[in-house]
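The structure under discussion appears below in the form of structure tokens.
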Amino acid sequence: MPRLIIDTDPGVDDAFALALAARSPEVDLLAVTTVFGNVGLAATTHNALRVLALCGREDVPVAVGAARPLVHPQPREATAAHGADGLSGRAATLPARGRGVEPVDAVTLMAQVLQASPEPVTLVPIGPLTNIALLLAAHPGVKPKIDRLVIMGGGLSGGNCTAAAEFNLWCDPEAARRVLVVEDLPTVLVPIDLTYRCAVDNHWLARLAATGPIGAALDSLTGVYRAHYRESMGFDGTVIHDAVAVAEAIRPGILATTRLPVAVETAFGPARGSVIADRRLTSFADESGARPIDVALDTDLDALRAFILSRLS
Ligand code: BDR
Ligand code: CA
């Protein structure tokens, strides 16, 4: 049974991703940790608690993580995509959770849970990588307890936040470089090149809404989000980026990966926060220090959508 820790900044697609893990009986959701990102840390934490409450998961500990990036300030939040409260203005309609946050911070909780786990754990970061960089820097001794990282982030063919950069990596490029390039843990990167192809249409959402109160509540969170993607990307569908990564964490191999050396741009300029993947068949020694990781570039799209729908229903 996969054992998961999800690090998240909810966020509409994070809400779908959390619900997917919370409602999948074949996984052990050991902890949820929160980070700044789509909106501020207080709101992302509030939203994570409420989504877990919606799913009836009082048992999952939640701890609060970083309020800002490691080095440079976050240039802007993603309120245009997710709404001022992170959930299309609907956060307050979700049930409150009786159990609040743990008395320890996110990094401490992750370290404690990893140390206590008899089996290796999959870390699933679906927001900026700040908490994960801090964990690996402060507690390198827990690395043998991490079987792999399944990270939603990056765009090999351009960005969604800037022309070059995807939002999660762009929020904290220094942390992203530490986790993706400097560290040596087995890593699956789930970039927007694939998550856009996995978008669900209005018919899929209508089917979800008809399954019951949880499906209806999730569907109700998508208003601002759908409008934003339609206007900014010309994309008529709901892009459940983070749920695609969580699906891979729940069912290893549901995404098809290609091993590619990757680097992260940390210099200031138009490419800051972008991921550079070397797709040449023969790569020559270079100075970028790129590290080979598994990049998820394909899946059976209909099977993936059916899997997510069945778990959320
Ligand atoms: C990522 O950025 C956030 O807005 C989403 O929640 C997702 O994690 C997609 O680029
Ligand atoms: Ca996210």
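Below, each value reflects all heavy atoms present in this structure, side chains not excepted, and no hydrogens, waters or symmetry copies. Note that ligands are numbered from 1 as they come in the structure, with each ligand's atoms numbered from 1 the same way.
Heavy atoms of Val12 found under 4.0 angstrom from ligand 1: none, in either backbone or side chain. Contact annotation: for Asp242 versus ligand 1, heavy atoms closer than 4.0 Å belong to the side chain alone. When non-hydrogen atoms are compared, ligand 1 lies under 4.0 Å from neither the backbone nor the side chain of Thr195.
Residues Arg3 and Asp147 are not paired through a salt bridge, judged by the lack of any N-O separation under 4.0 Å between the basic side chain and the carboxylate. Using a 4.0 Å cut-off between charged nitrogen and carboxylate oxygen, Arg272 and Glu174 count as a salt-bridge pair. Salt bridge status for Arg291 with Glu183: absent, with no side-chain N to carboxylate O gap under 4.0 Å. Taking the charged nitrogens against the carboxylate oxygens, Arg226 and Asp219 do have a contact shorter than 4.0 Å, which makes a salt bridge.
Within the protein, the number of N/O/S atoms found under 3.0 Å from the Ca ion (ligand 2) is 5.
Annotation: side chain of Leu29 is in contact with side chain of Ile6 (closest heavy-atom distance under 4.5 Å).
Pro69 and Pro73 get closest at one heavy-atom pair: CG-C, 4.0 Å.
Of all protein heavy atoms, the one closest to atom 4 (O) of ligand 1 is Asn38 OD1, 2.6 Å. The protein heavy atom nearest to atom 9 (C) of ligand 1 is Glu166 OE2, 3.2 Å. Looking at atom 6 (O) of ligand 1, its nearest protein heavy atom turns out to be Asp13 OD1, 2.6 Å.
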